[in-house]
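Only this structure's heavy atoms are used, side chains among them; waters, hydrogens and symmetry mates stay out. Note that the structure is predicted; figures quoted are calculated from it, not measured. Every chain is numbered from 1, with letters handed out A, B, ... down the list of sequences.
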Amino acid sequence: MYDKEEVTRVREAKERWEETTVQQALARFPERYETFTTVSGQPIRRLYTPDDVADMDYLRDLGMPGEYPFTRGPYPTMYRGRLWTMRMFAGFGTAEETNRRFKYLLAEGETGLSIAFDLPTLYGYDTDAPEAEGEFGKCGVAVSSLRDMEILLDGIPLDKITTSMTINSPAAVIWAMYIIAAEKRGIPRRQLGGTIQNDILKEYIAQKEYIFPPEPSMRLVVDTIEFAANEMPRWHPISISGYHIREAGSTAVQELAFTLADGFTYVEAALERGLDIDSFAPRLSFFFNVHNDFFEEIAKFRAARRIWAREMREKYGAKNPRSWTLRFHAQTAGCTLTAQQPENNVVRVAIQALAAVLGGAQSLHTNSMDEALALPSELAVRIALRTQQIIAHETGVTNTIDPLGGSFYVESLTNTMESQAYDYFRKIDALGGVIPAIEKGFFQQEIAEAAFQYQMEVDAKRRIIVGVNEYVEDTPMEIPLLEMDPQGYERQVARLREVRRTRDNREVLKALREVRRAARNGTNLMYPILDAVAAYATLGEIMGVLREEFGEWEEPAWF
Amino acid sequence: MANRKIRVLVAKPGLDGHDRGAKVVARALRDAGFEVIYTGIRQTPEAIVEAAAQEDVDVIGLSILSGAHMALVPKIMRLLKERGMDDVLVLVGGIIPDEDVPKLKALGVKGVFGPGTLTQDIIDFICRELGLETMPAMAAAQS
Amino acid sequence: MHLPDAVDTLISLAREGDMRALARLISVVENDGTQARQVVERLFPHTGRAHIVGITGAPGTGKSTLVNAMARVYRQRGHRVGIIAIDPTSPFSGGALLGDRVRMRDLVGDPGVFIRSMATRGSLGGLAHATDDVVLILDAMGYERILIETVGVGQAEVDIAASAHTVIVVEAPGLGDDVQAIKAGVLEIADIFVVNKADREGADRTFLALQTMLGLGPRRVQHHGRTMTVHEEAPAPDRAWTPPILKTVATRGEGVDAVVDAVEQHREHLRTTHEGQRREEIRIRRELYRILQDALLSRLMERLPPSSLDEVIQQVTSRSVDPYTAAQQLIARAETQPVTR
């Protein structure tokens, strides 16, 4: 990108500067640390110059937005054409309460829905299952049957709005509930737009909300990818997620590498099923964390787009440019929120959100300041949403595409993270691929190690966390927390019992038999699951059949 | 009891699988010289109390991020009391609203640690509650 | 009710079935020399009934899962099961992370199963220092089958051969090209081989590799080469035991019945040949050695001023005296000194 001789001149000038100007300054004022690193421990130089990106070839490595390799952005006009989708992850208590929260958020200017389910739902248990004790509605909304889904989506324009659902092990069942609820309102499935997270690999790697062993889990994922390719052209059947890998304590490079490795694994599994790559690859989507280290995050997003494009085109032979583009949702990092001085979280979230926008996100959730304490209150959610609106409309960062492109530092960091991701790909390959690496605890140990190192740095104050290990105040700040409907659990259980009493139970048993048959004979499970959901079989009943057929997974303790 | 080791059970009751904090704390306690029994995610209150009894632990550390603490902790404390194990030091870590802290303490929980807690604070707390002069690793180095 | 401190009270509570008293007795033998002695003295007459099974193998072979599955089979057959799961103590901090219970959650709530995690606490042979005493307690409390899961790391797993009646060496495919037991030097101590994760690619290869290996040196195996390392002579058994090689998928319980059958056959073999008697003698010999070593060492230390060891360590560190001479000097000094504390 630069003239060789010019780079040499720059290098010489920098060496001279280090030896003279810098040395003189250091003699008087030593730097604050011996080494400077990103929040992930990536060493950072004092100054970046053309010398650091001398090997870069603009057209090969960056190109134009909306064109291969998409480093600068997946779309030709980016935010000048359309802003990112402001999609606030929401859900708590009963379907009624969450439905009210959805309507509130839409009224306040949110442009897409994102449903959080409670833990029993995430593990495929009905609200009244013994395993669900104490967990109802705590981390999201409880959905045990189609009836709950109908109430949850009541009055929401499903033909106009897209919906993201954070659901993994039971993704097929919850998706089926969404589809049937829409169809009962006369909206055909082909018109429905949205995303199911459905990324089971990162559950084994990081979040641990798995149910079945990897093999049947992957089969279910491929069933949904196949179903979407055939029946749901506007739906993303998977959101390949680094968010939870990062929350579990990984570094930015680990998040990047492990997420993309998961993505390749899904691609290979779908190819193995016999699907044509361009029939499903354009509908794969991604979900990344956006953490505190501003430039590292931006570089991560840019590297992700470039790696994905190259691998999809060169390795997997995709022909459709839409198969090459990595599009992602971002969420500000929950693990950076502090319980101490929670108002400070507003500032953290704003800076993280800005990094997501400068990194070219298609969709964004901003965390609420109170989430280190409880589920977000309406006030806290509103400030979080307003943060996005301020970035979109007041800061001017949306006026041009990839404004940090060409920054010596950002480009150099993008290149470094890309090459470190490839180092990880080689390690994973050497272990036999993602699933064997999961079974050997590779990712789990890498992440646990990074999480521990980070905590030790905070403990030792080598990293300052404002309000936690520095600028500490004894008087806690008071913020109002969300109050949930105290009768919610009883109402939910009463509704569930009524569903079980009033449905046609012969129909349910027949449908569950079909689910079992498909589980055994390997045909696509989505069809019998849709029938079972339509007959008001509950989540716990359908997942119970699959638990019996597939068995349950447990992992050893890796540290 | 020259060789007496302090034994700590680290457990995650309920369904939430976010084991980052539990594992970081378990490792930090190991490095401070404690014997840590890690029982993993998705533990029932009964399983936790049974493990604590069989392992004869001095301390139980519970990590709960799902918000289910007000359902799970009272049950664990009741089971401990039924078995005469209310002399075991119980700590809770996770996402715990301020207003629940006094309720947990009233149940007999001695320490509550939220996000942003330094591991050294937990170690110091355990040493103080158990009347240790230094953390076990230091004591071992000095003996 | 909080637990009493007196060993006698703990013992009677434990014999009445109080799980906590039993757990506390184990802590007592883990922690304290004099009280440990008291516990062993009291309980020894009630021991000798349990069959002790050692389970060893490299990390990742699925030892904990196999132990879990074996315990379930034994429970179905009506036996009470004690489990000792051992993990290493950190040499730096003296702390330990004991994570084996994670794979044993199926056994929760069964009063016929007692699980105890132990740290090695400085012992190097793959077992914890007080393992034999803990086995003794569990034996005395009526646990009929005691499963010991060793650390499974490194070269030094041979202690289990002296502590257990039956040693199971676990292998699994996909951990590298070699049979792990050879690397670890535990081939000779196996009474039973288990190829776990037998549904995985490469399981047949592991199975064949083991067969070949045993075919090459059957006489050594049959003669229990491990005894040669403990003893100088290798007495011929009256009837040879050929270690079977069994396949399991422990996560699904497949093949585990056959493993338990093999353990029971080996138990019968030990009972009906001189081999059992001989092993018991080896076990007791080793235990006596250990107790003698501990007792002599503490007697020696009692006769030395507290600072003398540190002084000698300094001298050796500065190379002014070699460790053998230093040890001789310490012994000589102790022999001439009255008890100082």
Engineer: Check whether B/D100 gets within reach of chain A through its side chain, its backbone, both or neither, counting any heavy atom under 4.5 Å.
Structural biologist: neither
Engineer: Which distance, rounded to the nearest 0.5 Å, do you find between the CH2 of A/W558 and the CG of B/D19?
Structural biologist: 11.5 Å
Engineer: Do you know the tightest heavy-atom contact between A/G134 and B/A68?
Structural biologist: O-CB, 3.0 Å
Engineer: Look up atom CG in B/L72 and atom CD in A/E133, then write down how far apart they are to the nearest 0.5 Å.
Structural biologist: 6.5 Å
Engineer: Rounded to the nearest 0.5 Å, how far does CG of A/N469 lie from OG1 of B/T117?
Structural biologist: 12.0 Å
Engineer: For B/L15, does its backbone N or O pair with a side-chain atom of A/E135 as donor and acceptor, under 3.5 Å?
Structural biologist: yes
Engineer: Ignoring hydrogens, what is the shortest heavy-atom contact between B/R20 and A/E247? Give both atom names and the distance.
Structural biologist: NH1-O, 2.8 Å
Engineer: Measure the NZ-NZ distance between A/K208 and B/K12 for me, rounded to the nearest 0.5 Å.
Structural biologist: 10.5 Å
Engineer: How close do A/A372 and B/I95 get, heavy atom to heavy atom, and via which atoms?
Structural biologist: O-CG2, 3.4 Å
Engineer: Non-hydrogen atoms of chain A under 4.5 Å away: do they reach the side chain of B/A26, the backbone, both or neither?
Structural biologist: side chain
Engineer: Could you tell me if B/R27 sits above the aromatic ring of A/F452, with its cationic atom closer than 6.0 Å to the ring centre and no more than 45 degrees from the axis?
Structural biologist: yes
Engineer: What part of A/Y123 is in contact with chain B, defined as an atom under 4.5 angstrom from a non-hydrogen atom: side chain, backbone, both or neither?
Structural biologist: side chain
Engineer: Between OG1 of B/T119 and CD of A/Q455, what distance do you get to the nearest 0.5 Å?
Structural biologist: 5.5 Å
Engineer: With only heavy atoms counted, which part of A/Y454 is less than 4.5 Å from chain B, the side chain, the backbone, both or neither?
Structural biologist: side chain
Engineer: Could you grab the distance from atom NZ of A/K138 to atom CG of B/D16, nearest 0.5 Å is fine?
Structural biologist: 12.5 Å
